[in-house]
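FYI, side chains are in, hydrogens and waters are out, and symmetry mates aren't considered; it's all heavy atoms of this structure. Letters go in sequence order (proteins before strands), and every chain restarts at 1.
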Number of protein chains: 2
Amino acid sequence: MLETLTQHITNRLGKLPDNIDLVLPHFEAVITKRGDLLLQPGEVCKHVYFIVEGCLQVFVTDKNGNESTREFYIEDQWATDIFGFQNQIPSAEYIRCTEPCKLLRIHYESFQKLANVVPQFAAIYKQILEVSYNNTVYRVNTLTSMDALERIKWMMENKPKIMARLSSKLIASYLGISAETLTRLKSKI
Amino acid sequence: MLETLTQHITNRLGKLPDNIDLVLPHFEAVITKRGDLLLQPGEVCKHVYFIVEGCLQVFVTDKNGNESTREFYIEDQWATDIFGFQNQIPSAEYIRCTEPCKLLRIHYESFQKLANVVPQFAAIYKQILEVSYNNTVYRVNTLTSMDALERIKWMMENKPKIMARLSSKLIASYLGISAETLTRLKSKI
DNA sequence: CCCAACTCTTGATAAATGTCAAGAGTTTAA
DNA sequence: TTAAACTCTTGACATTTATCAAGAGTTGGG
């Protein structure tokens, strides 16, 4: 599994950093089942997860227990509750495996150490932070400026893999609509 | 105006950095009128703005021309379209002064130079990026998991200054509802 | 200081989306 | 392999929110 991570780092930096051996030992393999929870509200998020295989759903629940998905992460991506992680404060979110997963996780202390000691690691973190922020900004703008049908079309164009891979219920929870509305509107396209 | 920025930097770093004189000369004062646009969709965002006095609205428009506000920024905050700025690509957003403003702006080239040369500047940027990302994550979660009334209450508790300062129309555009709905629901609290 | 332009509120109505229910199809885990 | 648990779709209906309109109040730039 570490080869996947090595490849990911190489791709991001353009070359294999010579200090890669400082980085890899800090990662621990985790094998999960479908439905496993990696984080629950109130819990302090101790890890950042790199996805070798599988899919993670980051979500919250409302007063009625309905789930709203903030983001899905798949192969070659990183998932965590960044703010809770960086500040080591209780999270408001769940992280769940939507399918059996092969993950590599790095603990808070290791992460901070690498970020301070290995400039390439800090650089990758900054890259990911900027892209994540941008994605979330985009998401706010789609949620406030598009109706349900437009958001569905947006997702089909911009997240076709996610759209094809996950159940309607999960997709609907990402789009901020009910599963029934998703079914009905899809037939109008 | 530069004193305000100096104070801001001191507050964030805990002390006045000794290389502050490397930083300040890169900032240029901008005085605006109510309604002035600092950025329009399609334009490449060349500056980051520090608000000494006033309020900036970052928003998009939908197919009908309705405005959706992504964020309001007030005194002692920074505003820009970070992704468009960092990648120097055309923006999708507007930035507008909701009132006459006193701003300090820093140009893209200067910003990159300082981020590379002055570690404290890079640190503040990282801080702001993390907090901005967190705010936006929170915003996605409120937009998808709360109804209009809950979002209004959330805003009254979490953004009371913004709520008191801006018109209903602007508040509504931030909450993702019409101004009429805001009026009606406010009377139910 | 004044008036045109904006703002807030309220009503009537329309449109979008949610909720509940039920049946057929599909998947999963023992 | 099979039963139980999900999933998808559709219908009927309820609820939320938007839209359009109009009048009273407020404001800010000349």
Side-chain angles (χ1 to χ4, degrees), chain A residues 31-37 54-55 57 59 61-69 72 96-101 142-156 162-189, chain B residues 31-36 53-55 57 59 61-69 72 96-101 142-156 162-189:
Chain A
I31 307 292
T32 76
K33 287 178 300 194
R34 175 188 157 93
D36 280 0
L37 286 174
C55 178
Q57 173 200 15
F59 67 102
T61 53
D62 68 15
K63 56 181 179 187
N64 303 318
N66 291 321
E67 297 177 4
S68 300
T69 299
F72 295 109
R96 184 167 58 197
C97 307
T98 68
E99 53 187 85
C101 292
T142 58
L143 284 168
T144 54
S145 72
M146 292 181 186
D147 63 24
L149 186 56
E150 289 172 312
R151 293 206 295 278
I152 294 169
K153 286 179 182 169
W154 184 88
M155 192 168 178
M156 292 196 312
I162 295 288
M163 199 90 187
R165 182 167 182 167
L166 300 174
S167 71
S168 286
K169 192 182 164 188
L170 290 175
I171 304 290
S173 84
Y174 179 81
L175 291 169
I177 59 180
S178 70
E180 293 93 333
T181 296
L182 178 55
T183 291
R184 281 187 254 260
L185 291 180
K186 266 201 287 192
S187 70
K188 288 198 180 177
I189 295 177
Chain B
I31 306 292
T32 75
K33 286 178 301 192
R34 176 188 155 94
D36 281 359
E53 202 180 307
C55 177
Q57 174 199 15
F59 67 102
T61 53
D62 68 15
K63 56 182 176 184
N64 303 317
N66 292 321
E67 297 177 4
S68 300
T69 299
F72 295 110
R96 183 168 58 196
C97 306
T98 67
E99 50 187 86
C101 292
T142 59
L143 284 168
T144 52
S145 74
M146 294 181 185
D147 63 22
L149 186 55
E150 291 173 310
R151 294 207 295 277
I152 294 170
K153 287 179 180 168
W154 184 89
M155 193 169 178
M156 292 198 310
I162 296 288
M163 198 90 187
R165 184 167 180 168
L166 300 175
S167 72
S168 288
K169 192 181 163 189
L170 290 176
I171 304 289
S173 84
Y174 179 81
L175 292 169
I177 59 179
S178 71
E180 293 94 332
T181 296
L182 178 55
T183 292
R184 281 186 254 261
L185 291 180
K186 266 201 286 192
S187 69
K188 287 197 182 178
I189 296 178

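A:Lys63 has its NZ atom 14 Å from the P atom of C:dG18, to the nearest Å. Rounded to whole angstrom, the span from the CG atom of A:Asp36 across to the P atom of C:dA29 amounts to 11 Å. The interatomic distance linking B:Glu99 (CD) with D:dG29 (C1') rounds to 16 Å, in whole Å.
Formation of a donor-acceptor pair under 3.5 Å by the B:Ser168 side chain with backbone atoms of B:Ala179 is not found in this model. In this structure, the side chain of B:Asn64 does not engage the main chain of B:Asn66 through any donor-acceptor pair within 3.5 Å. A:Ser68 contributes a side-chain N or O that, together with a main-chain N or O of B:Thr144, makes up a donor-acceptor pair within less than 3.5 Å. Checked by atom type and distance alone, the side chain of B:Arg151 pairs as donor or acceptor with a backbone atom of B:Met146 at under 3.5 Å.
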B:Met156/B:Ile189 under side-chain contact (heavy atoms from CB on, under 4.5 Å): CA gap, chis, key distance, verdict:
CA-CA 11 Å; B:Met156 292 198 310; B:Ile189 296 178; 3.5 Å; yes

Pair B:Ser173-B:Glu67, side-chain hydrogen bond (donor to acceptor under 3.5 Å, both in side chains): steps then yes or no:
CA-CA 6 Å; B:Ser173 84; B:Glu67 297 177 4; 5.4 Å; no

Please assess A:Thr98 against A:Arg165 for the test side-chain contact (heavy atoms from CB on, under 4.5 Å), listing each intermediate value before the final yes or no.
CA-CA 10 Å; A:Thr98 68; A:Arg165 182 167 182 167; over 6 Å; no

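Note on the helix from C:dC1-D:dG30 to C:dA30-D:dT1: terminal axis deviation equals 70°, with five pairs used at each end and the result rounded to 10°.
Residues B:Met163 and B:Ile152 have side chains in contact (heavy-atom distance under 4.5 Å, counting atoms from C-beta outward).
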What does nucleotides 7-19 of chain D look like as a protein-contact string, B for base, S for sugar-phosphate only, - for none, at under 4.0 angstrom between heavy atoms?
SSBBBB----SSB

